Amino acid sequence: MSIPGTEGQPLRVAIVGSGPGGFYAAEALLESGLQVEVDLIERLPVPFGLVRFGVAPDHAKLKSVTAVFTQIAEDPRLRFFGNVELGRDVSVRQLGAFYHAVIVATGAAGDRRLGIAGEHLPGVHAAGDFVGWYNGRPECADIQFDLDQEVAVVIGQGNVAIDVCRILASPIDALRRTDIAAHALDALSRSRLRHIHLVGRRGPAQAKCTPKELRELGTLPGWRVQVDAADLALNAVSEAELTQPANAQAARNVDILRGFAARPGDGERCLHLHFLRAPVALHGDGRVSGVELAVQALSGEAGAQQAGPTGESAWIDAGLVLRAVGYRGSPLPGLPFDAARGTLPHREGRITDTSGQPLPGWYASGWIKRGPSGVIGTNRADSADTVASLLADVAALDAPRAGRAGLHALLAERRARVVDFGGWRAIEKAEMERGRTFDKTAEKFVRIDDMLAAAAAA
Ligand code: NAP
């Protein structure tokens, strides 16, 4: 039997998930030099995953990568199967039988929890839900965020926490022309928030956000940024860490924070940045009203400092709490899962079973493989690594496979309402036309039925 990758027997690969991890894997396959057929399977009728539903609406530049993804999708060797869900429309077993290889790139749309008392209280939300809400993610469209509150606490100091703070504090005119969901624009325009507390459990030198994002917090009209000077008095070990080239971003963060402390601005509303405060419990009678914090101190060697409680505690009254403590992937029916990390277990991109052996023909890329870290572009090298593993295995993937024809037949039998890339382009066009009415770049559909109707109208 011949090895796949030839004209007579193209290498047939399905990729599950059309965010950055999926598109960059497709790109690497298309550039492999082999004859390939790549099918990109997406649960929603619309592509781009995190780029559509994660990137903040006022960061339009970051979304421009969709032009690259569109070019990849328009390669004649690739097909987009939108509105097709693994586990609902096609099983792991069926997909594995149709294709020589399957790359799972389903991302990390779930949220990590704090695991403290009161997390279930009304008024406490995952930051990911708030991000999904303002970005028009269908599952989040009906969540109510109480913006009648005057005080919000955002827990975590990664870039998601910063995005969430910025969107909460942005003047509505800065958002009006973006592709922010209409329901979010409406609710934010009536927000009564006056204080936002951004709470980190480690010190300013360990904050995970990047300088560009942090700096933007100081540019929000009407808001001053308050940082306690005592929090910026670093211990000697942190000062030593900042001199390391690998910590250049952290050093820039600390400079920016010192700038905030020196020039807080004169806005009436206040963004408070707190460091070395770990959430211990969320309190409230019927809904959240306060956050109990443990004051922390750092100890240990440079690069490996741990924060631990000093015994002192602190408290912030707040009616809205958003926990931005990281995303996590979700298990897929029929595939192993590393529940502790929220990822698929793998070796060099090859998904492994419970005994650590690779599952032949199954691969992972993007956040479901390595966890929610890095920026969009990080997924390019990550996906190329996975595709390199797949290509190294090609000789072992020699059974003839039905590929696209098999999937088409199954979906037709199931009467699945598949959206192809032309269907997506029709949705995109309709969203842009809707946006034009309000002078916005786009007015996204937030209901799957509306997306399907726009695709069908094409
Ligand atoms: P992240 O960068 O991992 O930050 C998570 C934050 O939560 C950290 O401050 C972490 O503190 C804190 N945390 C975790 N567990 C906690 C706990 N139990 N109690 C208190 N704090 C806790 O994650 P993210 O913000 O969700 O971002 C995910 C990825 O997307 C990152 O790579 C990020 O850079 C990227 N992203 C990029 C952009 C952009 O480029 N503009 C925008 C959004 C997201 P420790 O540091 O102490 O662990």
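Start at 1 and go down the list; that is how both ligands and their atoms are numbered. Quick caveat: nothing in here was measured; it's all calculated off a predicted structure.
Contact check on R447 versus D142 returns a salt bridge, with a Lys/Arg side-chain nitrogen under 4.0 Å from an Asp/Glu carboxylate oxygen.
At the top of the distance list for atom 19 (N) of ligand 1, counting protein heavy atoms only, stands L114 CD2, 3.6 Å. Among all protein heavy atoms, the one lying closest to atom 48 (O) of ligand 1 is R201 NH2, 2.9 Å. The protein non-hydrogen atom at the shortest distance from atom 4 (O) of ligand 1 is G158 CA, 3.5 Å. Counting protein heavy atoms only, atom 23 (O) of ligand 1 is closest to G326 CA, 4.1 Å. If you check which protein heavy atom lies closest to atom 28 (C) of ligand 1, you get P372 O, 3.6 Å. Closest to atom 1 (P) of ligand 1 among all protein heavy atoms lies K208 CD, 3.8 Å. At the top of the distance list for atom 22 (C) of ligand 1, counting protein heavy atoms only, stands V325 CG1, 3.4 Å.
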Working for side chain to side chain donor-acceptor pair (under 3.5 Å), residues H183 and Q144: CA-CA 10 Å; H183 56 247; Q144 302 290 323; over 6 Å; no

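Among R113, Q296, E213, the residue whose heavy atom lies nearest to atom 39 (C) of ligand 1 is E213. Across V131, N159, V55, heavy-atom proximity to atom 34 (O) of ligand 1 is greatest for N159. The heavy atom nearest to atom 5 (C) of ligand 1, considering only S373, A324, G156, P279, is found in A324. Here the shortest heavy-atom distance to atom 24 (P) of ligand 1, taken over V160, D163, V280, belongs to V160.
An N or O contact shorter than 3.5 Å links R202 to ligand 1 by distance. At under 3.5 Å, a nitrogen or oxygen of Q157, whether backbone or side chain, sits near a nitrogen or oxygen of ligand 1.
Residues F145 and W133 bring their aromatic ring centres within 6.0 Å.
Not a single donor-acceptor pair under 3.5 Å links the side chain of R137 to the backbone N or O of G132. In this structure, R434 contributes its side chain and K444 its backbone to a donor-acceptor pair below 3.5 Å.
With contacts defined as side-chain heavy-atom distances shorter than 4.5 Å, the pair F80/I41 does not qualify.
Ring geometry for F69 versus F23: interplanar angle under 30°, hence parallel rather than tilted (30 to 60°).
A donor and an acceptor atom, one from each side chain of D382 and Y24, are nowhere located under 3.5 Å apart. Looking only at atom types and distance, the side chain of R258 has no donor-acceptor partner in the side chain of N253 under 3.5 Å away.
Residue-ligand proximity, G374 to ligand 1, at heavy-atom distances under 4.0 Å covers atoms 30 (O), 31 (C), 32 (O), 35 (C).
The shortest heavy-atom distance from R112 to ligand 1 is under 4.0 Å.
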